[in-house]
Amino acid sequence: MQFCSSRLNISVGACRLKNALDVGSRPYGASVWDRKPGAIVSNSPGAIGAFGANHHLRQSLVFLNVPTMQQPEAYVGHADKLFDEHGKLVNDGTRKFLQEFMQAFANWVETTRS
């Protein structure tokens, strides 16, 4: 599972994401998240790409027993400048980084399922 989140007040901004994590974790002992490999991509219009939100979400995933990919980390800063008016990613460096991130995640999924 790949989790994408923006930030709000240095935390996870997407309340629906947090609600989905909470609902999926119940009833206790029957979490749908248990042992499913995960990765996090955070973004913000600021320079540090929602670093705080990324790590706050990681804390929740530890409790949910989601083995979360450690490297590479993905903090997408200045996200508001990376897309055109149609929502198309126009920054080649970011595109390359995200492609490499997704390949690393595919490798992580294979590693955790072995």
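- For the pair Trp108 (side chain) and Gln70 (backbone), a donor-acceptor distance under 3.5 Å is absent.
- Residue Phe63 places its CZ atom among 12 or fewer non-hydrogen atoms of other residues, nucleotides or ligands, all under 6.0 Å distant.
- Follow the hydrophobic side-chain contacts under 4.5 Å out from Val90 and you never reach Val76; the two are in separate clusters.
- Of the possible donor and acceptor atoms, one in the side chain of Thr68 sits under 3.5 Å from a partner among the backbone N and O of Val66.
- From Thr112, atom OG1 reaches atom CZ of Phe105 across 7.5 Å, with rounding to the nearest 0.5 Å.
- Under the 4.5 Å side-chain criterion, counting only non-hydrogen atoms from C-beta, Leu89 is not in contact with Asp84.
- Here the shortest heavy-atom pairing between Ser31 and Ser25 reads OG-CA, 3.7 Å.
- Taking CG from Leu61 and CD1 from Ile40, the interatomic distance works out to 5.0 Å, rounded to the nearest 0.5 Å.
- To the nearest 0.5 Å, the span separating CD on Gln99 from CE on Met102 amounts to 10.5 Å.
- Side-chain contact between Asn54 and Val41 is absent, with no heavy atoms from C-beta onward closer than 4.5 Å.
- When all heavy atoms of Ala50 and Ser44 are compared, the closest pair comes out as N-OG, 3.4 Å.
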(Q) Please determine whether side-chain contact (heavy atoms from CB on, under 4.5 Å) holds for the pair Leu21 and Leu57, giving the CA-CA distance in whole Å, both sets of side-chain angles, and the decisive distance to 0.1 Å. (A) CA-CA 10 Å; Leu21 292 173; Leu57 181 54; 3.6 Å; yes

Q: Determine, stepwise, if the pair Asp22 / Lys18 fulfils salt bridge (Lys or Arg N to Asp or Glu O under 4.0 Å).
A: CA-CA 6 Å; Asp22 291 343; Lys18 181 65 171 87; 2.7 Å; yes

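- Side chains of Arg95 and Asn91: no donor on one and acceptor on the other come within 3.5 Å.
- Rounding to the nearest 0.5 Å gives a distance of 9.0 Å between OG of Ser42 and CD1 of Ile48.
- Residues Val23 and Val32 form no side-chain contact, since every pair of their non-hydrogen atoms from C-beta on lies 4.5 Å or further apart.
- Between Lys96 and Asp92, no side-chain nitrogen of the basic residue sits less than 4.0 Å from a carboxylate oxygen of the acidic one, so the salt-bridge criterion is not met.
- You'll find the side chain of His56 stays beyond 4.5 Å of the side chain of Phe51, heavy atoms only.
- Closest heavy-atom contact between Pro37 and Val109: CG-CG2, 3.9 Å.
- Evaluated for a side-chain contact (heavy atoms from CB on, under 4.5 Å) with Phe101, the options Met69, Gln71, Glu73 yield exactly one hit, Met69.
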